[in-house]
Engineer: 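This structure is in structure tokens; I'll ask about it shortly.
Chain naming here is simple, since letters A, B, ... match the order of the sequence lines and numbering starts at 1 in each.
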Amino acid sequence: MSQNGTVENVTINIDGQDVDVPKGTNIIEAVKMVGKGKEVPHYCYHPKLSIAGNCRMCLIEMGMPMRDRETGDAVLDDDGKQKIGWMPKPVIGCATNAAPGMHIRTSSDVVVESRNAVTEFLLINHPLDCPICDQAGECRLQEFSADHGRGFSRFIEDKNVKPKRTRLGPRVVLDDERCILCSRCVRFSQEIADDDVLGFVDRGTYSTLTCYPGKELANNYSLNTVDICPVGALTSTDFRFKMRVWFLKRTHSICTESSVGANTEIWSREGKIYRITPRRNDAVNDTWMTDSGRALYKTVESDDRLTQYTIGGVHQPVDQVAAAAVDLLRGGDVAMVASAHSSVEEQFYYKTIAERCATKVSLVSHDGEGDGLLLSEDRTPNLRGALVTGLIYQLPAADLSSLARDIHSGAVKTLLVVNEDVTTLGIAPELLAKVKLIYVGTHTNETAKEADIVLPSLMVFEKDGSFINQNFRLQKFKAAIPGPSGILPDYQVLEKIAAPLADEKPAPVTLDMVWERIANQVEHIETTQTWRGIGEQGLPLEPGSLRELPFVETKNLKYDPDAWKETQAAAAASEG
Amino acid sequence: MAIQEQRLIFKHLDEPGYSNDIDCYLRHGGYEQLKQAVTMKPEDICAEVMDSGVRGRGGAGFPAGMKWKFLDRKSGKPIYLVCNADESEPGTFKDRQIIHKDPHQLIEGMMCSAYAIQAKLAFIYIRGEFFQGYRILERAIEEAREKNLLGENILGSGYSCDIIVHRGAGAYICGEETGLIESLEGFRANPRIKPPYFPAALGLYQCPTIVNNVETLCDVKHIIEMGGKEFAKIGTPGNSGTRIWCVSGHVQKPGYYEFPCAAITLGQLIYDVCGGLKPGRKLKAVIPGGSSSKILRADERFTGKLKNGTDFDWGIEDIPMDFDSLMAVGSMSGSGGVIVMDDSTDMVEALANINYFYAHESCGQCTPCREGVPWMRKITQRMIEGNAREEDADLLNSIADQIAGRTICAFGEAASWPVQSFIAKFKDEFVEKAREQAARRKAGELAAKETTLI
């Protein structure tokens, strides 16, 4: 590191091409930086785990510029160039760090021969399970065997026999025969999940992955071991034997479990989600996510989904229902219970509606215990969004007692509730009967049952939109599957309500249009910001004074309130 | 015996009345060198060891003084000394003799070395099977501690260092420097990757660590006694000091014999010192440095150039027993385990035996060794069970080539070299094996011969 905190670059030569990479970058990453699909094959190396160097797949040839041992002068060849002293044996790329003048060969005969050899060794005892293996299609061993396998086997002996279905924990099953002993799962458990339960027993070719006696792999991060397993040794009990991965469509999404906003990938086919896996974002979740976050999609097909626009319990066309809602809102004395589960765009609309009806907006906090990693105390994905859009100005309370008083006193005659069961939050059902109730939500509950008007909304997997996470990072998600038939995206329904309230004709809005308005009206968002301008890795916002609010989150993987305060103090001091 | 041994480390070892207690050791002038050492400057001792040119006796033959020089002294972290007493190389049995019969020599050598490198704590990592040796060492350390030869403020010098004896749990890989360190820390003995974990900088508990063989540490005592330059005069330049050759196999008098480096030839060792082969037998092959070193064929001619530029043209009996000469003929002096085979030996069976050992001992951490070595074992096992194929020799050689040089530690080489050298020198026997079995099968007999393989 140089003095200003940035890493200095060094020039190394990869296959005859000079490349600038940050000093100390390992060769696997350096080669990736060259681009053009160049890759050093590897199994045990993982960018977020310590270096084990045991798979030997990333062997490369390395050389340094030669210097005379006595004088320290550069040794030159006939052309006057500095000679390269190549190492006599291939070295592993994962444990070789870029140093000035280093030369690398990634496709020489020795390197290719080494990879072919490692591939052959890994395959001799590997079962021919591909036709029934869940990893098939996303298996590193399968991929590299295609590149480096010999196409026939020289191995005529008996393969090793090991346990085929060991239960490591409630969500993970181990097939020991498939295991290539790369130790990624062991290192993950020790280094990331901080739950040291996995290890190897027995020696040599009989080495077997196992849980320590009396322990099991049951922590809330156990499924990450399945993700990082380069072969089909660790499989998820949930996904096992359900679907071939090549049939699945991948959609980028955001986890709604907590304010961490882990980047995810949704794997779906024909309108059905099969699994959710983490997507790498070094500013948010690295390459991990919680097990509980992966299970959130299970409520998509539950029986209590709201699937019809209704007035008084009767199914009506959406325009008619929206018009009825407008009429109620125009009646005055309106209060709104908004949601931190809504997307930024929806919150922007609720804010517009609240302004146009002069309503008081309440929001309820949903807090739980944080785990210091990727599950924060705030169990909503978009509280920061409600603050940024100006829907609310302060942190929410845990219940709605003040709203209950207003209803009781008759100050509130119409209530718009978004995705909350207010009967559990201090407003008794009999009190709820005193007001006209509009409910917007995904699933039915006691409040929805009381509602005069019900507007079903789409779940995060079914719509496009964005959230703002704990670090004020704006992140967008895409629809992976279609919603219940006939249900429009929330922002389109809300346009049908918000526009008439200002005596405008509802426009056929798209997210691009919504974002034009957001960019013009929301203080914390640049006026040039567009929907398409939010990248796949999100966009950090400058929250200004909002960051001073006493948020409930404590330190976790990428959130550090104390460090934030220190940098603020330092900035203030340097200005002063 | 035509040639008299010249013992240095084993000087008193088998003398009548010499026992392994401290009184006997002191009577024979023991601990004088430690008394002398603590009055010297540590860096002077290091310089003496450097001058002596003593090379590691564990197998690799790396100069000990150089190893000490690489020690990272600037880190501010404590320095550790570890004695590698995990003598596991098949054919080697020298360290055990030292531990059993002269433990105080090792303790003195260790304390001199510990003082020289200013170690905070010293360990003896002793092979798990050496239980008696462990008890002897524990007693010897207690005796030395009572006399203030180790522990707090040794001999009033202000330097403190203690020795902890740690028993292994029976694995060959624990003799590998970094595997030993992992084991000492309480983990599986999986060798570490180098870089970055060079013991001299990031060794035991990530602190600078020196790991030396038992015999090497004993040599330090004698270097202090006679001075580095004087020690270097034993043997030849670059091959200083004495070596203990552990001769086993088909000789009349197997055992351990100590000679200065290059003082005798392999032929003298076998025929004069060990009394030759059994009557009526002919020499077939010799493994000169423990089972992992490459085999030498009796009727080979070894020609080439030595390091110092002189040409040589030797038969197997002319090879001088030292580091460089054995290296020059394509093998190594290794740990000094000379395994002699006469013409009754079936080379396929011999290799099957060696492969069995290495397949059993591979730690299983890195792919080529974990998968390749048991594969080689399965092949040789099949060959002696009567299912040899003519192409097996080439296959074995190809597997060995795919392992050597691509593993985390030197085990890959240790397991490949026997295969490579057996195939290079006795390929005809491997091919003949297949033909012989085919012929027997054709004649309706059992294809496999009865073997004595474990």
Engineer: Rounded at 0.5 Å granularity, tell me how far SG in C369(B) sits from CZ in R56(A).
Structural biologist: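 CZ of R56(A) is found 10.5 Å from SG of C369(B).
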Engineer: Take atom NE2 of H103(A) as the centre, draw a 6.0 Å sphere, and report whether it contains more than 12 heavy atoms from other residues, nucleotides or ligands.
Structural biologist: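 Yes, because the 6.0 Å sphere around NE2 of H103(A) holds more than 12 heavy atoms from other groups.
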Engineer: Could you give the distance from OG1 (T407(B)) to CD1 (I92(A)), rounded to the nearest 0.5 Å?
Structural biologist: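 So the OG1 of T407(B) and the CD1 of I92(A) are separated by 10.5 Å.
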Engineer: Counting only heavy atoms closer than 4.5 Å, note whether I173(B) contacts chain A via side chain, backbone, both or neither.
Structural biologist: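 It is neither, since no heavy atom gets under 4.5 Å.
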Engineer: Highest number of heavy-atom pairs under 4.5 Å with chain B: which of C182(A), G199(A), A117(A)?
Structural biologist: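 Of the candidates given, the most pairs with chain B belong to A117(A).
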Engineer: Taking side chain as C-beta onward, heavy atoms only, is E113(A) less than 4.5 Å from Q402(B)?
Structural biologist: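 The answer is yes, as the side chains (C-beta and beyond) meet within the 4.5 Å cut-off.
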Engineer: For a 4.5 angstrom cut-off between non-hydrogen side-chain atoms, does P90(A) reach R406(B)?
Structural biologist: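 Of all side-chain heavy-atom pairs linking R406(B) with P90(A), at least one is under 4.5 Å.
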Engineer: Could you please spell out the steps behind the salt bridge (charged side-chain N to carboxylate O under 4.0 Å, His left out) verdict for K89(A) and E413(B)?
Structural biologist: CA-CA 12 Å; K89(A) 299 181 200 169; E413(B) 279 87 359; 3.1 Å; yes
Engineer: Supply the atom-to-atom distance N190(B) CG to F200(A) CZ, rounded to the nearest 0.5 angstrom.
Structural biologist: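 Answer rounded to 0.5 Å: 8.5 Å.
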Engineer: Could you look at L59(A) and say if it's the side chain, the backbone, both or neither that has a heavy atom under 4.5 Å from chain B?
Structural biologist: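 L59(A) touches chain B through side-chain heavy atoms alone.
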Engineer: Is it the side chain or the backbone of R389(B) that comes within 4.5 Å of chain A heavy atoms, both, or neither?
Structural biologist: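 Answer is side chain: those atoms of R389(B) sit under 4.5 Å from chain A.
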Engineer: Test I156(A) against R382(B) for side chain to side chain contact (heavy atoms under 4.5 Å, CB included), laying out the working first.
Structural biologist: CA-CA 10 Å; I156(A) 61 162; R382(B) 171 168 55 73; 3.6 Å; yes
Engineer: Between E361(B) and chain A, with a heavy-atom cut-off of 4.5 Å, which part of the residue counts as in contact: side chain, backbone, both or neither?
Structural biologist: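 For E361(B), backbone and side chain are both near chain A.
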Engineer: Please report the shortest heavy-atom distance between R188(B) and R203(A), naming the atom on each side.
Structural biologist: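 For R188(B) and R203(A), the tightest heavy-atom pair comes out as NH2-CA, 4.2 Å.
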Engineer: Taking CE in M66(B) as the centre, count heavy atoms belonging to other residues, nucleotides or ligands within less than 6.0 Å. Is the count above 12?
Structural biologist: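 Not more than 12 within 6.0 Å, no.
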Engineer: For residues S207(A) and C363(B), report the shortest heavy-atom separation together with the two atoms involved.
Structural biologist: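 Answer, listing the atom of S207(A) first, then C363(B): OG-O, 3.9 Å.
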Engineer: Side chain, backbone, both or neither: which part of N160(A) has a heavy atom under 4.5 Å from chain B?
Structural biologist: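 It is both, since atoms from each part get that close.
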Engineer: For Y43(A), is it the side chain, the backbone, both, or neither that has a heavy atom closer than 4.5 Å to a heavy atom of chain B?
Structural biologist: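 Nothing of Y43(A), per the 4.5 Å heavy-atom cut-off to chain B.
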Engineer: In Å and rounded to the nearest 0.5 Å, what is the OH to OG distance from Y206(A) to S362(B)?
Structural biologist: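 Between atom OH of Y206(A) and atom OG of S362(B) there are 11.0 Å.
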Engineer: Any idea which of A189(B), A359(B), P374(B), P368(B) has the most non-hydrogen atom pairs under 4.5 angstrom with chain A?
Structural biologist: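 Highest number of pairs under 4.5 Å: P368(B).
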Engineer: Heavy-atom pairs under 4.5 Å with chain B - which of N125(A), V118(A), N54(A) has more of them than the others?
Structural biologist: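 Heavy-atom pairs under 4.5 Å are most numerous for N54(A).
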Engineer: Given the rule in the side chain to side chain contact (heavy atoms under 4.5 Å, CB included) test, do I180(A) and T367(B) qualify, once you have shown the distances and angles that lead to the verdict?
Structural biologist: CA-CA 8 Å; I180(A) 58 167; T367(B) 310; over 6 Å; no
Engineer: Given that the side chain runs from C-beta out, which part of A171(B) has a heavy atom under 4.5 Å from chain A: side chain, backbone, both or neither?
Structural biologist: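 A171(B) touches chain A through backbone and side-chain heavy atoms alike.
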Engineer: How long is the span from the CD atom in Q365(B) to the SG atom in C55(A), to the nearest 0.5 Å?
Structural biologist: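 Output value for this atom pair is 11.0 Å.
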Engineer: Indicate yes or no: at least one non-hydrogen side-chain atom of N387(B) is less than 4.5 angstrom from one of E157(A).
Structural biologist: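 Heavy-atom side-chain distance check fails, nothing below 4.5 Å.
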Engineer: Inspect the surroundings of CG in D109(A) and state if more than 12 heavy atoms from other residues, nucleotides or ligands are less than 6.0 Å away.
Structural biologist: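 Open.
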Engineer: With heavy-atom distances below 4.5 Å as the criterion, would you say the side chains of E120(A) and W375(B) are in contact?
Structural biologist: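 Heavy-atom side-chain distance check passes, below 4.5 Å.
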Engineer: With only heavy atoms counted, which part of L181(A) is less than 4.5 Å from chain B, the side chain, the backbone, both or neither?
Structural biologist: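 L181(A) touches chain B through backbone and side-chain heavy atoms alike.
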Engineer: Counting only heavy atoms not in K23(A), do more than 12 fall under 6.0 Å of its NZ?
Structural biologist: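 Open: at most 12 neighbouring heavy atoms sit under 6.0 Å from NZ of K23(A).
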Engineer: Should we say atom CG of D158(A) is surrounded by more than 12 heavy atoms from elsewhere, each under 6.0 Å from it?
Structural biologist: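 At most 12 heavy atoms, drawn from other residues, nucleotides or ligands, come within 6.0 Å of this atom.
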Engineer: Given a strict heavy-atom distance threshold of 4.5 Å, which part of I193(B) is in contact with chain A: side chain, backbone, both, or neither?
Structural biologist: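 Answer is side chain: those atoms of I193(B) sit under 4.5 Å from chain A.
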Engineer: Please indicate whether K164(A) has more than 12 foreign heavy atoms, meaning atoms of other residues, nucleotides or ligands, lying under 6.0 Å from its NZ.
Structural biologist: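 Count over threshold, so yes.
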Engineer: Identify which part of P195(B) has an atom lying under 4.5 Å from any heavy atom of chain A, answering side chain, backbone, both or neither.
Structural biologist: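 P195(B) touches chain A through backbone and side-chain heavy atoms alike.
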Engineer: Does a sphere of radius 6.0 Å around NZ in K159(A) hold more than 12 heavy atoms from other residues, nucleotides or ligands, not counting ones at 6.0 Å or beyond?
Structural biologist: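 Atom NZ in K159(A) is packed in, count exceeds 12.
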Engineer: Side chain from CB out, backbone as N, CA, C, O: work out which of these in T205(A) comes under 4.5 Å of a heavy atom of chain B, or both, or neither.
Structural biologist: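 T205(A) touches chain B through backbone and side-chain heavy atoms alike.
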Engineer: Under 4.5 Å, counting heavy-atom pairs only, tell me which of N97(A), N116(A), D202(A) racks up the most with chain B.
Structural biologist: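 Answer, by heavy-atom pair count under 4.5 Å with chain B: D202(A).
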Engineer: Nearest 0.5 Å please: distance from the CD atom of E371(B) over to the CZ atom of F155(A).
Structural biologist: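 Result: 8.5 Å between the selected atoms.
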